[in-house]
Every structure is written in structure tokens, then in C-alpha cells.
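These notes are about the structure you will find just below.
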Amino acid sequence: IAEPFAFNPEWSADVNGLRYLRISSTSAPRLISWFLYFPPQDDVYARYAIFIEDDVADGMTELGVKLPGLAGDEVSWRMEHGPLAPANRGLYAAVDYLYNAESGSGYGAIRSMGVVLRAGRWYTIEQHIKLNTPGKADGIGQVWVNGNLVWESQSVRYRNNAASRVNHLHVNVYHGGLGAVKAPILYRIARIGVSRNYIGP
């Protein structure tokens, strides 16, 4: 693991014995940032469990909080949750945030996953990347939430360079943006895994 960082880390376990890392922030946007490297791959899966605590509703000021995701030479595919639902405390839309050969050097592409994450519950999120033929839009992307396939494409242009590979999982929880939180926000993360095959919840 390169660049190990966690803000106010607390190691604990829930009533079912699930061991987790709890992280929080009272000001800085970055709560956790690890680069979990693995041998370069064309086809790879990554999974983790995330728990949004209730007080995120009181402290979040940005349009999104970035969550972990796969990355490599030309791709950075982070998951994200959106802002608090205006009429429903503790409900957040699940989206992604993708930088790749299609997005270029500007802002990444954001797409809805069609699911809502509720504070106070564990969610297992899994990604799958199969890199495209260089320069062609034939790459595969898949996202599962709690074992349910919520997004899939077979026409992604992740790379232009034939040497590009996926080589790490960016284990990151990042508020925004550059805005500071207005009150403490807390998350729990667990069950981080990388595989050449589907892992599941």
C-alpha cells in the first residue's frame, strides 16, 4: 500500500463481527487515501463495503463525495455519492466519476447508477473493468451494489495506448471538490478486495 493515510482512524467491529475502519473529517476534504497496487491487468474486479453515517447529512457541503475505484495509466474510475436528497435525510444517489480516454484532460464523466444509498446501512460496491482494444470503444464496465448489477456497458473507450493497464485500486473517500465540511462527517469501510474474477458481497 502506497501513501497510507486516514483521518482520525478508528478500528472496530460491528455486532455481526464485521471488522471495519471508521474515518472522519471536521475540515479537510480527504478522509482516506490509499493506493493498493497490483500487477498490471487488462481485466480486473474490485470490491469494498461502505457505510455512510447519519451525520454526513449535517456536514456535507459539496455536490458529491468520491469513493474508492479502479485506476491505471489512462483510467481513474471512482464511485461517488451525490448530495443529500432535499426531502429525505440520509438518502444519497449512487453515481460514478470516470476519467478515461473519452473524457480527456477535463472533468470526468458522471453517470447515475440508478440506486440510492441510505445512511446507517452497509453497501457492497463492486466494479469490473475489461480494457478496450486501443482506440476502439469496446471496453467493458460493470457495477454491482449488494450483488445486484446496476450498470453495464460494452462500449467504453478506457485507453488509446496499447501499453496502458489497470494497476491499482484508489481506496479514497474525498469530500468534493475543495469545500470544507461544516460539521463532522463519518464513514466506515471494510472488505476491500481485488480479483481477476467477480467477488460478490
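All values below were derived from every heavy atom in this structure, side-chain atoms included, with hydrogens, water molecules and symmetry-related copies excluded.
- For the side chain to side chain contact (heavy atoms under 4.5 Å, CB included) test with Glu74, the passing option among Leu131, Val166, Asn160 is Asn160; the others fail.
- Shortest non-hydrogen contact noted between Leu21 and Pro9 is CD1-CB, 3.7 Å.
- With respect to the salt-bridge test (charged N to carboxylate O, under 4.0 angstrom), the residues Asp138 and Lys130 do not qualify.
- Arg121 CZ: 12 or fewer foreign heavy atoms inside a 6.0 Å radius.
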#### Entry: Working for side-chain contact (heavy atoms from CB on, under 4.5 Å), residues Leu67 and Asn172
CA-CA 6 Å; Leu67 302 173; Asn172 186 233; over 6 Å; no
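- With a 4.5 Å cut-off on side-chain heavy atoms, Leu91 and Leu84 do not count as touching.
- One N or O on the side chain of Arg47 and one on the backbone of Arg191 form a donor-acceptor pair closer than 3.5 Å.
- A donor-acceptor pair shorter than 3.5 Å cannot be found between the side chains of Tyr123 and His81.
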### Task
Carefully, step by step, assess Asp96 and Trp77 under the rule side chain to side chain donor-acceptor pair (under 3.5 Å).
CA-CA 7 Å; Asp96 71 352; Trp77 188 20; 2.9 Å; yes
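- Salt-bridge annotation for Arg22 and Glu53: present, with a side-chain N of the basic residue lying under 4.0 Å from a carboxylate O of the acidic one.
- Taking the side chain as every heavy atom from C-beta outward, Val75 and Arg159 never approach each other to under 4.5 Å.
- In this structure, Lys66 contributes its side chain and Gly176 its backbone to a donor-acceptor pair below 3.5 Å.
- Separating the CG atom in Leu36 from the CG atom in Leu169 is a distance of 5.5 Å, to the nearest 0.5 Å.
- Rounded to the nearest 0.5 angstrom, Ile185 CD1 and Glu62 CD are separated by 10.0 Å.
- For Leu63 against Pro83, the heavy-atom pair with the smallest separation is O-CD, 2.8 Å.
- The main-chain N or O of Tyr198 is never found under 3.5 Å from a side-chain atom of Ser195 such that the two would form a donor-acceptor pair.
- Aromatic ring orientation, Phe35 versus His168: perpendicular (interplanar angle above 60°, classes split at 30° and 60°).
- For the atom pair Arg78 CZ and Gln127 CD, the distance stands at 10.0 Å (nearest 0.5 Å).
- No cation-pi contact links Arg196 to Tyr45, judged by a cut-off of 6.0 Å to the six-membered ring centre and 45° from its axis.
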### Message
If you apply the rule side-chain contact (heavy atoms from CB on, under 4.5 Å), what do you find for Ile50 with Ile125, and how did you get there?
### Response
CA-CA 8 Å; Ile50 195 80; Ile125 297 175; 4.1 Å; yes
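- Because its NZ or CZ atom is both nearer than 6.0 Å to the ring centre of Trp151 and within 45° of the ring axis, Arg111 counts as a cation-pi partner of that residue.
- You'll find the side chain of Val194 reaches within 4.5 Å of the side chain of Val44, heavy atoms only.
- Counting all heavy atoms, side chain and backbone alike, Ile140 lies closest to Tyr158 at O-OH, 3.1 Å.
- The line from CG of Asn8 to CD1 of Ile23 is 10.0 Å long, rounded to the nearest 0.5 Å.
- Put simply, the side chain of Asp55 never gets that close to the backbone of Asp58: no donor and acceptor are under 3.5 Å apart.
- Here the CD1 atom belonging to Ile189 is positioned 7.0 Å from the OH atom belonging to Tyr48, to the nearest 0.5 angstrom.
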### Query
What's the verdict on side-chain contact (heavy atoms from CB on, under 4.5 Å) for Asp43 and His128, showing C-alpha distance, side-chain angles and the deciding distance?
CA-CA 7 Å; Asp43 193 349; His128 172 218; 2.5 Å; yes
### Task
Give the intermediate values and the outcome of side chain to side chain donor-acceptor pair (under 3.5 Å) for residues Gln41 and Arg165.
CA-CA 5 Å; Gln41 304 290 318; Arg165 296 292 185 273; over 6 Å; no
### Query
Where do Val56 and Tyr187 land on the side-chain contact (heavy atoms from CB on, under 4.5 Å) test, with the steps shown first?
CA-CA 8 Å; Val56 172; Tyr187 292 80; 3.5 Å; yes
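- Pairing each heavy atom of Ala190 with each of Arg19, the nearest pair is CB-O, 3.3 Å.
- Side chains of Phe5 and Arg30 form a contact here, defined as non-hydrogen atoms less than 4.5 Å apart.
- Annotation: side chain of Ser33 is in contact with side chain of His170 (closest heavy-atom distance under 4.5 Å).
- Smallest separation of non-hydrogen atoms from Pro29 and Gly177: CB-O, 4.4 Å.
- With respect to the salt-bridge test (charged N to carboxylate O, under 4.0 angstrom), the residues Asp54 and Arg118 do not qualify.
- Across all non-hydrogen atoms, the minimal contact from Asn146 to Pro201 is C-CG, 4.0 Å.
- Asn148 CG to Met113 CE: the interatomic distance, rounded to the nearest 0.5 Å, is 14.0 Å.
- Checking Asn100 against Arg157 by side-chain atom types alone, no donor-acceptor pair falls below 3.5 Å.
- Contact of the Glu80 side chain with the Val65 side chain is not registered, since no non-hydrogen atoms from C-beta on lie closer than 4.5 Å.
- Side-chain contact between Phe51 and Leu117 is absent, with no heavy atoms from C-beta onward closer than 4.5 Å.
- The backbone N or O of Gly200 lies less than 3.5 Å from no partner atom in the side chain of Trp144, so there is not a single donor-acceptor pair.
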